[in-house]
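Convention: sequence-line order gives letters A, B, ...; per-chain numbering from 1. In what follows, every heavy atom counts, from backbone to side chain, and hydrogens, waters and symmetry copies are set aside.
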Amino acid sequence: MAKFFSSGSLQETHMSHWPMVLPWPPHVSTSSCQVGGSETSKEAKALISSQSHSQAEKRRRERINTHLSTLRRLVPSATKLDKATLLGRVIDHVKELKRKALEIGNSFTVPTEMDDVTVECDRNGALKDRFIIRASLCCDDRPELYTDLIQALHGLKLRTVRADMATLGGRVKNVLILSTKVGEEGACLSTLKDSLKEVLGRIVFTDVSSQNTNLSKRQRTMPSFWSN
DNA sequence: GGCACCCACGATAGGATGCA
DNA sequence: TGCATCCTATCGTGGGTGCC
């Protein structure tokens with residue numbers, strides 16, 4: 001074991017950890033201790049380096065514990081769990097939340113994490129001379145999205161019967177119920193899908209160009225939502 | 001090469017638990 | 001009740017790695 005004090009004064013909180021059998025000063029043998037020599041300078045540098053190392057490690061542990069405390073507050077009935085059990089509980093909690101989100105998503109119009117375009121015929125909803133088409137677009141919410149969407153639909157011989165929109169966490173899902181004349185639905189379906197995909201592609205392109213995915217190791221910063 | 005960070009390790013303290 | 005044992009948290013340290 002090579003343990004020595006990491007600060008100039010005795011550590012009041014950790015003093016009892018110091019083994020009584022070790023020599024003082026630690027890591028400095030009597031044979032190598034030369035007053036005013038380079039050995040002393042080297043050892044002083046080593047001591048400073050070690051102090052900085054132990055302080056950095058302390059800060060790192062504090063960061064970990066801060067995040068664990070945050071998790072403890074976010075998960076129900078986790079106030080008195082040890083760290084390993086807490087992490088297990090967090091995993092279970094996240095799985096449960098995901099399952100509930102999926103349930104809700106199946107019941108209501110809720111945007112998902114995946115970009116998606118669907119276009120399908122609603123044969124049950126067909127009127128006497130008009131054909132019903134159900135189209136949906138799920139993507140990141142952007143101010144220009146609706147302009148793009150209107151432009152995409154413009155020119156297609158479609159009539160909007162209904163439009164639903166749901167947003168969640170910066171994501172948006174638009175569900176459009178459209179109608180077209182019977183006999184024109186075939187051409188409409190493929191054109192509509194292509195137009196919506198083009199809108200999606202435009203969004204994906206602008207999104208990727210604005211992201212910085214190359215964060216270096218030193219750029220690790222606490223996201224703002226963690227500090228809330 | 002220096003720095004910052006991460007990970008693993010051994011030492012230690014202190015609480016929880018079981019047992020005589 | 002006192003003691004032994006186990007478990008968990010914390011600490012300092014050595015060493016590896018990536019970045020500048």
Side-chain angles (χ1 to χ4, degrees), chain A residues 1-102 112-115 139-140 142 168-171 201 203-228:
Chain A
M1 189 182 81
K3 185 181 288 216
F4 53 86
F5 294 113
S6 62
S7 61
S9 60
L10 291 177
Q11 287 188 316
E12 293 170 359
T13 57
H14 208 59
M15 221 174 118
S16 56
H17 286 199
W18 180 252
M20 301 305 288
V21 292
L22 289 180
W24 179 257
H27 278 190
V28 181
S29 67
T30 48
S31 59
S32 65
C33 187
Q34 300 167 8
V35 176
S38 61
E39 286 295 312
T40 308
S41 170
K42 273 184 189 175
E43 282 155 6
K45 277 184 184 174
L47 183 63
I48 289 167
S49 169
S50 176
Q51 286 172 355
S52 137
H53 186 22
S54 69
Q55 283 166 6
E57 191 60 23
K58 193 173 182 178
R59 285 193 298 273
R60 182 180 156 270
R61 277 195 288 265
E62 280 172 0
R63 258 180 28 241
I64 292 170
N65 286 334
T66 300
H67 294 323
L68 283 171
S69 298
T70 306
L71 286 177
R72 212 177 280 280
R73 286 194 299 275
L74 291 173
V75 176
S77 310
T79 50
K80 290 186 177 179
L81 298 179
D82 64 86
K83 293 177 179 180
T85 314
L86 169 67
L87 289 177
R89 188 71 65 84
V90 169
I91 290 168
D92 291 342
H93 192 59
V94 170
K95 282 181 180 172
E96 177 66 11
L97 290 176
K98 277 195 163 187
R99 190 189 61 75
K100 283 182 179 172
L102 197 64
T112 59
E113 293 175 6
M114 294 288 292
D115 289 344
C139 58
D140 280 341
R142 292 286 184 277
L168 180 68
R171 301 279 296 169
I203 292 161
V204 168
F205 176 76
T206 55
D207 195 35
V208 166
S209 64
S210 66
Q211 280 180 351
N212 180 5
T213 54
N214 228 355
L215 289 177
S216 81
K217 199 174 173 181
R218 296 218 176 85
Q219 288 175 292
R220 290 185 193 103
T221 53
M222 192 184 294
S224 58
F225 60 82
W226 280 358
S227 59
N228 293 334

Interatomic distance where CZ belongs to A/R72 and P belongs to C/dT8 [whole Å]: 13 Å
Heavy-atom side-chain contact between A/R61 and A/E57 under 4.5 Å: yes
From C/dT8, C/dG12, C/dT10, nucleotide with atom closest to A/D82 side chain: C/dT8
Rounded interatomic separation in angstrom, taking CD1 from A/I64 and P from C/dT10: 10 Å
Whole-Å distance separating the CG atom of A/L68 from the P atom of C/dA9: 9 Å
Under 4.0 angstrom between A/R63 side-chain N/O and B/dC6 OP1 or OP2: yes
A/L81 CG to C/dA9 C1', straight-line distance once rounded to whole Å: 15 Å
Side-chain donor/acceptor contact of A/H53 with base of C/dG14 under 3.5 Å: yes
Distance in angstrom units between A/E57 CD and B/dG10 P, rounded: 16 Å
Main-chain N/O of A/R72 paired to A/R89 side chain as donor or acceptor, under 3.5 Å: no
Audit row: A/L102, A/K98, side-chain contact (heavy atoms from CB on, under 4.5 Å) steps and yes/no: CA-CA 6 Å; A/L102 197 64; A/K98 277 195 163 187; over 6 Å; no
Rounded distance [0.5 Å steps], CZ in A/R63 versus CG in A/L68: 12.0 Å
Length of the line joining A/L87:CG and C/dA9:C1', which is rounded to integer Å: 14 Å
Separation of atom CD in A/E62 from atom C1' in C/dC11, rounded to whole Å: 12 Å
Distance-only donor-acceptor test (3.5 Å): side chain A/Q55, base C/dC11: no
Atom-to-atom span, CZ of A/R61 to C1' of C/dC11 - whole angstrom: 5 Å
A/R60 vs B/dC7: side-chain N/O to OP1/OP2 distance below 4.0 Å: yes
